[in-house]
There are 2 protein chains.
Amino acid sequence: IVELENVKKVYTLGKAEVHALRGVTFAIDKGDFASIVGPSGSGKSTILNLIGCIDQPTEGVVRIDGTITEGLKDKGLTTLRHETLGFIFQSFNLIPVLNVYENIEFPLLLGKNRPSKKEIKEWIEFLVEAVGLADHMHHKSNELSGGQRQRVAIARALATKPEIVLADEPTANLDSKTGQSIIELMKKMNAELNTTFIFSTHDRTIMEIADHVIQLLDGLVVEDSKTGAK
Amino acid sequence: IVELENVKKVYTLGKAEVHALRGVTFAIDKGDFASIVGPSGSGKSTILNLIGCIDQPTEGVVRIDGTITEGLKDKGLTTLRHETLGFIFQSFNLIPVLNVYENIEFPLLLGKNRPSKKEIKEWIEFLVEAVGLADHMHHKSNELSGGQRQRVAIARALATKPEIVLADEPTANLDSKTGQSIIELMKKMNAELNTTFIFSTHDRTIMEIADHVIQLLDGLVVEDSKTGAK
Ligand SMILES: Nc1ncnc2c1ncn2[C@@H]1O[C@H](COP(=O)(O)OP(=O)(O)OP(=O)(O)O)[C@@H](O)[C@H]1O
Ligand SMILES: Nc1ncnc2c1ncn2[C@@H]1O[C@H](COP(=O)(O)OP(=O)(O)OP(=O)(O)O)[C@@H](O)[C@H]1O
Ligand SMILES: [Mg+2]
Ligand SMILES: [Mg+2]
């Protein structure tokens, strides 16, 4: 469902160049619970940003559902982002003036074929409960703890039940018990809806539960192991 | 060196109240490598913000070096913050337009008794190397990965060689190898300079290496164990 072919990404900073990705090739199948692992600065977020159509590769091809992302105009990218992808950003990117409920509801208001108001409310309340924020539903995102904000970002990405969820370090600010319950929620969506998950993570629990692990070092794939475990 | 006596913190949100801390009492001795642990939302950052004089308790007393923080005027708080404390924020709080070197140098320019320009340069270059960012010294903080930004925030807090370092989830965005080298750097400062470290963390490595662990649950201390290990 996602293919990268010899993808390179170079950031130009003044006269210097940072080669974030030096030729990355891998394929993720629909329904994979995949994890990209590697040291800080190795290129994990850059890969997720390219798959998320937030950025374009300097060289190489990124395909989603067979469509090359580079050929898409703004309108095509926006449709892809709203209808196929869910993104949990490493720095959350919540809307500070909206409360927990409104932040999660936001992507649901953008879609074309919207569920009924009642269905939306029940689904959001389920998600808020599932990520442990029922007591904070009407609190603004800048009135929450770091891990509480992260969980709002997680619920928001799952709200549209996307085909592919890109999760950048989703448990970094969570204690192991809270993190475990979030991973179980994602595993459940993966099992019931065949949602594809692509993580960037240092969390051992996610690495162990993943059925596809891609090891990154200094902008290159050094290992790509797909296990039979599903 | 730090004492909390029956400290309470209530956030008022409209008509609702959030009791972040419900009566917290503990003491940290000079040179402790202390870790505050607990679930997301249990009050860890709130405690560090009170010790860091960024916020005041609703009730109860916070003492640093015997001085009650509530009695201090702005000037006294600023002096305490610049001369005694170093703070690594959960969301880093870097200055985006400054580069790595300038962010770390910033607190050194604020102090009264400044070391020589040459000493400052050597010390910052040592810290940049020690946190693994030598290749990025002149890159702006918004041109870095999440974990790289976190390491700039760490180096900045250590730059003034403060008596007390408050570290809020300092390894959340780091892979275990990079995290380990950061913890070793801090352990070295703790051993050589008798710097007191107070962590808020979910990182097992820090919890295991700490000689004083304070367990927090829903705004209350449920365990406070100081081991002989030094
Ligand atoms: N600015 C604020 N306004 C209102 N409530 C707040 C604010 N900051 C924190 N809180 C609430 O106070 C409680 C404690 O927050 P705190 O940030 O101290 O938790 P924490 O232990 O650091 O959590 P995490 O591990 O998720 O960072 C939480 O329930 C949170 O919702
Ligand atoms: N906006 C940018 N401008 C310039 N260089 C960048 C930018 N974003 C990232 N980089 C560089 O590209 C490289 C890869 O960054 P990336 O964010 O993908 O790493 P990462 O694996 O996600 O790291 P972390 O685990 O610390 O989040 C890093 O060396 C970083 O300095
Ligand atoms: Mg990253
Ligand atoms: Mg916190």
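This one's a predicted model, so the numbers in the text were calculated from it and none came from an experiment.
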Discussion item. Classify the ring geometry of A:His136 against A:His139: parallel below 30°, tilted from 30° to 60°, perpendicular beyond 60°.
Written reply: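 If you compare the ring of A:His136 with that of A:His139, the planes turn out perpendicular.
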
Practice prompt. Specify which of A:Gly14, A:Ser40, A:Gly147 makes the most heavy-atom pairs with chain B at under 4.5 Å.
Written response: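 So the answer, after comparing A:Gly14, A:Ser40, A:Gly147, is A:Ser40.
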
Item to complete: Under 4.5 Å, counting heavy-atom pairs only, tell me which of A:Arg151, A:Lys44, A:Arg149 racks up the most with chain B.
Response: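 If we count pairs closer than 4.5 Å to chain B, A:Arg151 comes out on top.
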
Fill in: Within 6.0 angstrom of B:Glu129 CD, more than 12 heavy atoms from elsewhere
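Count not over threshold, so no.
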
Discussion item. So for A:Leu13, is it side chain, backbone, both, or neither that comes closer than 4.5 Å to the heavy atoms of chain B?
Written reply: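 Looking at A:Leu13, just its side chain touches chain B.
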
Discussion item. Under a 3.5 Å cutoff, is there a donor and acceptor pairing between the side chains of B:His202 and A:Asn173?
Written reply: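 Per modelled atom types, B:His202 and A:Asn173 side chains form no pair under 3.5 Å.
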
Worksheet item: Any side-chain heavy atom of B:Asp32 sitting closer than 4.5 Å to one from B:Ile198?
Response: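 The answer is no, as the side chains (C-beta and beyond) never meet within the 4.5 Å cut-off.
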
Worksheet item: What residue, out of B:Thr178, B:Leu174, B:Asp203, has the most heavy-atom pairs lying under 4.5 Å from chain A?
Response: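 When all of B:Thr178, B:Leu174, B:Asp203 are compared, B:Leu174 has the most.
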
Worksheet item: Non-hydrogen atoms of chain A under 4.5 Å away: do they reach the side chain of B:Val18, the backbone, both or neither?
Response: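 The side chain, not the backbone.
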
Discussion item. Do the side chains of B:Lys188 and B:Glu184 get close enough for a salt bridge, i.e. N-O under 4.0 angstrom?
Written reply: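 Here B:Lys188 does not pair with B:Glu184 in a salt bridge, since their nearest N and O are not under 4.0 Å apart.
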
